[in-house]
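For reference, the structure is listed below as structure tokens.
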Amino acid sequence: MTPQRRRGAEMTATQEFSPADTTDTTEVADQPYAYRRTELTEPDWRRFPGWREVTEAQWRDAQWQRVHCVRNIKQLRAVLGDLVAERFYDDLAADQRELATMSMLVPPQMLNTMSVDSTEAFYADPVRRYMLPVRSDRDPEWPSHPHSARDSLHEAEMWVVEGLTHRYPTKVLAELISTCPQYCGHCTRMDLVGNSTEQVVKHKLDLKPVDRQDAMIGYLRRTPGVRDVVVSGGDVANVPWHQLESFLMRLLDIETVRDIRLATKALAGLPQHWLQPKIVEGLERLAGTARRRGVNLAIHTHVNHVQSVTPLVAEAARTALEVGVRDVRNQGVLMRGVNATPAALLDLCFALQGEANILPYYFYLCDMIPNAEHWRLAVWEAQELQHAIMGYLPGYATPRIVCDVPYVGKRWVHQVAEYDRERGISYWTKNYRTGIEHADPDALRRRYPFYDPIPTLPEEGRTWWAAQG
């Protein structure tokens, strides 16, 4: 284009888009969500009566965090003092007796992200809702769905050796341990993970850790079709580092393994663990070995609310990336009262991606475990949330909302094949056989059901379920 023609084009553009020809922005309706950058802050733990004398050095110490986890109501009362009324403790005790599927274990780091401005603020706090569930949280009529199950995803049915679930054709889940540094009330592995509760006697891993790991490595060496290993538990942060590093180095020796993902809620709940020098040095050794062998090493964590994203969490994520871990990703769970609004999800995602270098990856519908109906969302609600968050985040950082369908696996919520909204039954299909279906000729033709929480159904649907007994 000649200079004269270029100037002409510029003049035309100026004339066409001059301010005089545009609508006054004050007359345009506000966006449904308004982004404002918010810097991360570490709440002051000294506001808790039981921690008034705790120093910053103690707070940053992983061992101090572990020793001072809240494991029972007596310990919680010692930390909170009179910030919370006695009726809350009574409510918590009732839940522990009657409905809790997970024992209490809350690291100071997690408790410090909860609001204790008043008893009502503590009741309403989104992190409290899933870390310290109380009796009044639960649905009084339908605490559990009739199709709820302890192992709702049937992972143990698909163990090819103890602790190794082979559900997807090219991917496996390796459960190295049955404990975590924190216990979330909605845990999908509540049948195995943590201490037994009044309602749930937990299953146990029988093999010694070394024997279990040997069996897993043996299976993976014999099964070259597996290229992706999620190393989980429980939580890998509870595996002694020398054992974990040894197991991961053995995985890296298997030529057909190309992706390794470390699953750890502790990156958010106990970031001090991942900042310990010996852990950082070991992670750097693993990342270097993975890089040389062309294996993608990632960390997957579990953050459900923006309050949990603090400077220490961001420091732990950045440190992992700096020593060579390829990605740090988040897999949250959608829960009513926690993050089930577009604003709550977007606030969390912007804090993760923009401030902590953690990629928002998945949000799962809460699984159909017992006593979880008050947390769970219907498929249609998840579809609306997926629609609502589109277009705000970068495409690569826009999380997928998925339904983990029993005997199927993860499906985007818009992939539902058929949906009876009145009875809250959705039907899903799949394109692969799980490890227990190789001889099933109908596995790829069958439709697999998933169930909405009954309290979300119209009156006709609730009546229908009541009639089913």
Main-chain N/O of Lys202 paired with Ser196 side-chain donor or acceptor, under 3.5 Å: yes
Straight-line distance of Leu251 CG to Met249 CE, nearest 0.5 Å: 11.0 Å
Arg128 and Asp137, any side-chain heavy atoms less than 4.5 Å apart: yes
Intermediate values then yes/no, side-chain contact (heavy atoms from CB on, under 4.5 Å), Ile217 and Phe247: CA-CA 8 Å; Ile217 294 294; Phe247 178 75; 3.8 Å; yes
Check: Asp125 side chain, Ser115 main-chain N or O, donor-acceptor pair, under 3.5 Å: yes
Plane angle bin for Tyr130 and His302 - parallel if under 30°, tilted between 30 and 60°, otherwise perpendicular: parallel
Side-chain heavy-atom pair Phe88, Val134 within 4.5 angstrom cut-off: yes
Plane angle bin for Tyr451 and His147 - parallel if under 30°, tilted between 30 and 60°, otherwise perpendicular: parallel
Polar side-chain atom of Asn339 near backbone of His305 as donor-acceptor pair, under 3.5 Å: no
Member of Arg135, Met104, Arg77 meeting the side chain to side chain contact (heavy atoms under 4.5 Å, CB included) criterion with Leu92: Met104
Note, Ser308 side chain near Met110 side chain (heavy atom, < 4.5 Å): yes
Plane angle bin for Trp465 and His145 - parallel if under 30°, tilted between 30 and 60°, otherwise perpendicular: perpendicular
Flag side-chain contact, heavy atom, 4.5 Å: Arg326 against Arg291: no
Shortest non-hydrogen contact between Met216 and Ala174, atoms and distance: SD-CB, 3.9 Å
Close side-chain approach of Thr264 and Ile299, heavy atoms under 4.5 Å: yes
Under-4.0 Å salt bridge between Arg445 and Asp442: yes
Gln468 atom CD, neighbour heavy-atom count above 12 within 6.0 Å: yes
Residue from Glu42, Gln65, Gln182 passing side chain to side chain donor-acceptor pair (under 3.5 Å) with Gln109: Glu42
Backbone of Leu153 reached by a side-chain donor or acceptor of Tyr407 within 3.5 Å: no
Within-4.5 Å side-chain heavy-atom neighbours: Thr223 and Val172: no
Sidechain-backbone polar pair: Arg221 side chain, Ile254 backbone, donor-acceptor under 3.5 Å: no
Lys/Arg N to Asp/Glu carboxylate O, Arg138 vs Asp95, below 4.0 Å: yes
Donor-acceptor under 3.5 Å (Glu418 side chain, Trp428 main chain): no
Within 6.0 angstrom of Lys204 NZ, more than 12 heavy atoms from elsewhere: yes
Ion pair check, Asp139 and Arg376, cut-off under 4.0 Å: no
Distance in Å, Asn238 CG paired with Ser178 OG, rounded so as to fall on 0.5 Å steps: 9.5 Å
Validation row: Cys69, Val106 side chains within 4.5 angstrom (heavy atoms): no
Lys/Arg-Asp/Glu bridge criterion (N-O < 4.0 Å) met for Arg293, Asp253: yes
Within 6.0 Å of CD in Glu255, more than 12 heavy atoms from elsewhere: no
